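In what follows, a single structure is set out as structure tokens and then discussed.
What you see below is based on every heavy atom in this structure, not just the backbone, and it leaves out hydrogens, waters and symmetry mates. Note that the structure is a prediction, hence the values are computed from the model and not measured. Start at 1 with the first residue, then count along the sequence.
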Amino acid sequence: MDDKIVIDMAKKGVENLLSEKTPSIVDMLMGRGTEKIIDSETLIEEIKERVSNSLNHNFMYSAVTEESEIFLRKKVLESMEMAVLFIDLVGSTDMILNLPKEKLATIFTTFAQEMAYVIKRHDGFVLKFVGDAVIGYFVAEGLSASVASRAVTCAESMLKVLKVGINPILKNNDLPELKVRIGIDYGENTIVRYGDDLQEAHVDILGTSVSMAAKIQNLAKPDQIMVGNDIYTKIHGSIQEYFALLKLDKSQWSYKSAKTGKIYPVYAYIGK
């Protein structure tokens, strides 16, 4: 990806990117260059319609992990460079304790599926849903700078979708607004299959970036994006300026880098 485009992506922000009409910019955002151009207003309206219909039981979300399974089954025992993103709901325990089961299920399903939709729109794969969390990954295939920027842009998009597309509808239906924590890291992961059945056995990814992204996400404040050093170093310098190194004592963070043996640096997204 051209450095100027990467810088522009960070500086314009998610809203301008999604409303951008220039095909080359949109193609970079979407990854493949094959998605139809969609502006921000259209995107949010689509989300609002789905969420409203879901709350009114007039819409059922379809499964979104099949593409990941198909991809991973072709790569079993291979090691691949990828960015891994964890997004987790804040305050889910209170919702579980205080909401009727039907409303709780609707909120969790809506959250998970809409976050999965954002991952797919950024040319990522949805690995799985784990309780109140969604795990996505973005395959590098020799374009590590592009993948790093795509993962960060995806995280920004998630926050906007929640703020503009989902939360207003939940509020209008007397349901709690959602906040999230997001953690992202980058590294080599191995694709594994748990069993001999080529088509049915569970497939997954194993690697330090998977476990580290989950740990980094736990550090984040509500509606905050955190990234590990291995993805931070692959973002262009002008984009790095939007992140601040966290100063954490050992009681907060004691995980070490496999490369250096030193405490693994973590950065918080501080915006524009």
E102, CD: over 12 other non-hydrogen atoms inside 6.0 angstrom: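 Open: at most 12 neighbouring heavy atoms sit under 6.0 Å from CD of E102.
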
Quick check against the 3.5 Å criterion: does [X] have a side-chain atom that pairs as donor or acceptor with the backbone of [Y]?
X    : Y    : value
N173 : L175 : no
S52  : E49  : no
R150 : D123 : yes

Check [Y] with [X], please: is the shortest side-chain N to carboxylate O separation under 4.0 Å?
X    : Y    : value
K160 : E156 : no
D223 : K163 : no
K120 : E67  : yes
K259 : D230 : yes

Set of side-chain hydrogen bond (donor to acceptor under 3.5 Å, both in side chains) partners for Q224, sequence neighbours left out: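 Testing Q224 for side-chain hydrogen bond (donor to acceptor under 3.5 Å, both in side chains), a comparison that skips the adjacent residues, returns none.
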
Cation over ring face, R50 and Y117, 6.0 Å, 45°: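 Geometry flag: set, cation within 6.0 Å and 45°.
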
Do [X] and [Y] touch side chain to side chain, with heavy atoms closer than 4.5 Å?
X    : Y    : answer
V266 : W253 : yes
L55  : L170 : yes
V118 : C154 : yes

Joint hydrophobic cluster, L89 plus L85, side-chain heavy atoms closer than 4.5 Å: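 Both belong to a single hydrophobic cluster.
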
Minimal non-hydrogen separation, A155 against I182, with atom names: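 So the minimum-distance heavy-atom pair works out to O-CD1, 3.7 Å.
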
Y232 and Y267 aromatic ring geometry - parallel, tilted or perpendicular at 30°/60° bounds: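 Taking Y232 first and then Y267, their aromatic rings lie parallel (interplane angle under 30°).
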
Sole candidate of V203, V192, T65 that passes side chain to side chain contact (heavy atoms under 4.5 Å, CB included) when paired with L72: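 So the option named by the test is V203.
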
Show which side-chain atoms of residues 90-98 pair as donor or acceptor with protein atoms under 3.5 Å away, not counting sequence neighbours.
| unit_1 | atom_1 | unit_2 | atom_2 | d |
| --- | --- | --- | --- | --- |
| S92 | OG | D132 | OD2 | 2.3 |
| N98 | ND2 | D94 | O | 2.8 |

Modelled atom types, side-chain donor and acceptor of S149 and H236, under 3.5 Å: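 Not at all, the side chains of S149 and H236 share no donor-acceptor pair under 3.5 Å.
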
